[in-house]
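Only heavy atoms go into these numbers, but all of them, side chains included; no hydrogens, no water, no symmetry mates. In this text the structure is predicted, and so the values were computed from the model without any measurement.
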Amino acid sequence: MSGNGTTPGDDPLQTAVWRLRSRACWTDAAALLPGATAAAALQRTVLLVERCLYTEAGWEDAEDALRTAEALAHDDEERGAAACERGYLAYAATLHGVRDRADEARAALGRAAALLAPGAPGRALLDFRRGLIAENLTRSPQAARAAYRRAHAGATAHADPLLLSFTWRHLAGLALREGELAEARHGFAESLRLREELGYLVGTAPALASLAETEAEPEASRLRDEARRLFRLLGGVPTWLARQLSPSPPAAGAATA
């Protein structure tokens, strides 16, 4: 989950990649990327790792792409970005119960922190992913909140609306678990607004479902119905959203992406 959903200079290739990515067509998007350059390898890795998180499948393809990105990285920024993806893939595998790779996730994000300069654009994404580990693996909401706030500030500074949609969402999830309903509703609404503006369809259904947790009837049902419609439209992706859209949804804030 990196990139801001925009295409500087209206690059036709990046526009096509974004449209496919936002519609859960990660493999097709990755196939459009040319050549074996470090930048293309890293972007291919981003797409295929995100596919793992949303579909709970494609792990070997993501590992292969990541190894290529690691081999082609030639400076600290590229090596740090690849390490950040390594940590995210290990986190996703742990979260979905594929294999416990929590130690690998922490170590990889630690390497990324050592390689990426404090003001580098990739630091905000790194902070967000460290927040995910604190929230979902370490079960430390205070550490998660601090990391999400750093990521939120960095995403704001670097004008990354896609990342902002995630930081709003996860900060809102923490607020909801603490009973701060108004704060949670605001954060979920901001996340939904950004995803709709970006056309990030694969992330819109989860945003609708989360906002529904903070609304009274009949608005809550309307939001869940819209989330179910998008979920079916995308072929049941993200897979884990099925639990949240079931008749008895999980505990408040139990969101993945």
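- Using a 4.0 Å cut-off between charged side-chain N and carboxylate O, R51 and D61 make a salt bridge.
- In this structure, R130 and I133 have side chains that are not in contact, with every pair of non-hydrogen atoms separated by 4.5 Å or more.
- Within the 4.5 Å cutoff, side-chain heavy atoms of S210 are placed close to those of R169.
- Counting only distance, with no hydrogens or angles, the side chain of H170 and the backbone of L132 share no donor-acceptor pair below 3.5 Å.
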Please set out all donor-acceptor pairs under 3.5 angstrom arising from side-chain atoms of residues 117-125, sequence neighbours excluded.
| residue | atom | partner | partner atom | Å |
| --- | --- | --- | --- | --- |
| R123 | NH1 | A113 | O | 2.7 |
| R123 | NH1 | L116 | O | 2.9 |

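- Among all heavy-atom pairs drawn from A151 and T167, the shortest one is CB-CG2, 3.7 Å.
- Considering CD of E197 and OG1 of T204, their distance stands at 11.0 Å, rounded to 0.5 Å.
- Between L162 and L194, every side-chain heavy-atom pair lies at or beyond the 4.5 Å cut-off.
- Contacts of Q142 classified as side-chain hydrogen bond (donor to acceptor under 3.5 Å, both in side chains), with partners at least two apart in sequence or in another chain: none.
- Remark: F231 pairs with no residue by the ring pair (Phe, Tyr, Trp, His ring centres under 6.0 Å) rule, at least two apart or across chains.
- Contact annotation: the side chain of P238 never approaches that of T55 to less than 4.5 Å [non-hydrogen atoms, C-beta and beyond].
- Here the shortest heavy-atom pairing between A83 and R111 reads CB-CB, 4.2 Å.
- Counting all heavy atoms, side chain and backbone alike, L181 lies closest to L176 at CD1-CD1, 3.9 Å.
- With a 4.5 Å cut-off on side-chain heavy atoms, T68 and L72 count as touching.
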Test side-chain hydrogen bond (donor to acceptor under 3.5 Å, both in side chains) on E190 and H186; report intermediate values, then the result.
CA-CA 6 Å; E190 285 296 299; H186 175 70; 4.7 Å; no
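- Put simply, SG on C84 and CG on L126 are 5.0 Å apart, with the number rounded to the nearest 0.5 Å.
- Applying the ring pair (Phe, Tyr, Trp, His ring centres under 6.0 Å) rule to pairs touching residues 206-227 yields nothing, sequence neighbours excluded.
- Put simply, CZ on R193 and CG on L198 are 9.5 Å apart, with the number rounded to the nearest 0.5 Å.
- With sequence neighbours excluded, no residue forms a side-chain hydrogen bond (donor to acceptor under 3.5 Å, both in side chains) with S191.
- To the nearest 0.5 Å, atom CG of residue L192 and atom CG of residue L223 are 7.5 Å apart.
- Side-chain atoms of L66 and R86, non-hydrogen and from C-beta on, do get closer than 4.5 Å to each other.
- The side-chain contact (heavy atoms from CB on, under 4.5 Å) search around E60 returns none, not counting sequence neighbours.
- Cluster annotation: V49 is connected to L163 through the hydrophobic network of ILVMFWY side chains, with a link wherever side-chain heavy atoms come within less than 4.5 Å.
- By the 4.5 Å heavy-atom criterion applied to side chains, Y91 and N136 are counted as neighbours.
- Note on R67 versus D64: salt bridge recorded, some NZ/NE/NH1/NH2 to OD/OE distance being below 4.0 Å.
- Paired with F128 under the rule ring pair (Phe, Tyr, Trp, His ring centres under 6.0 Å), one option of Y148, Y88, W168 passes, and it is Y148.
- Atom CG in D225 sits 9.5 Å away from atom CG in L245 (nearest 0.5 Å).
- Electrostatic pairing of R129 and E85 counts as a salt bridge here, judged by a charged N lying under 4.0 Å from a carboxylate O.
- Remark: of the listed residues E178, E135, E180, E183, E178 is the sole one forming a salt bridge (Lys or Arg N to Asp or Glu O under 4.0 Å) with R145.
- Taking CG of D160 as the start and OG of S165 as the end, the distance is 8.5 Å to the nearest 0.5 Å.
- Considering only residues two or more places apart in sequence or on other chains, D76 meets the side-chain contact (heavy atoms from CB on, under 4.5 Å) condition with R79, L115.
- Residues forming a ring pair (Phe, Tyr, Trp, His ring centres under 6.0 Å) with W26 (at least two apart in sequence, or on another chain): Y54.
- Across A62 and L48, no two heavy atoms sit closer than the pair CB-O, 3.8 Å.
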Using distance only, find each side-chain donor-acceptor pair of residues 102-110 under 3.5 Å and give its atom names and separation, not counting sequence neighbours.
| residue | atom | partner | partner atom | Å |
| --- | --- | --- | --- | --- |
| E104 | OE1 | R101 | NE | 2.8 |
| E104 | OE1 | R101 | NH2 | 3.3 |
| E104 | OE2 | R101 | NH2 | 3.0 |
| R106 | NH2 | T138 | OG1 | 3.3 |

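- Between the W18 side chain and the A29 main chain, no donor and acceptor come within less than 3.5 Å of each other.
- Hydrophobic clustering (ILVMFWY, side-chain heavy atoms < 4.5 Å, transitive): L89 and L42 are in distinct clusters.
- Side-chain contact check for Y200 versus V202: some heavy-atom pair is nearer than 4.5 Å.
- Residues satisfying the side-chain hydrogen bond (donor to acceptor under 3.5 Å, both in side chains) criterion with E226, sequence neighbours excluded, are R229.
- Using a 4.0 Å cut-off between charged side-chain N and carboxylate O, R224 and E215 make no salt bridge.
- Screening residues 30-41 for salt bridge (charged side-chain N to carboxylate O under 4.0 Å, His left out), with sequence neighbours left out, gives no hits.
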For H96 and L53, run side chain to side chain contact (heavy atoms under 4.5 Å, CB included): C-alpha distance rounded to whole Å, both residues' side-chain angles, the deciding distance at 0.1 Å, then the answer.
CA-CA 8 Å; H96 287 314; L53 186 70; 4.0 Å; yes
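- Nearest approach of A112 to G80, heavy atoms of both residues: CB-O, 3.4 Å.
- Pairing each heavy atom of L241 with each of A205, the nearest pair is CD2-CB, 3.6 Å.
- Every residue two or more places apart in sequence or in another chain was checked for a salt bridge (Lys or Arg N to Asp or Glu O under 4.0 Å) with E196, and none qualifies.
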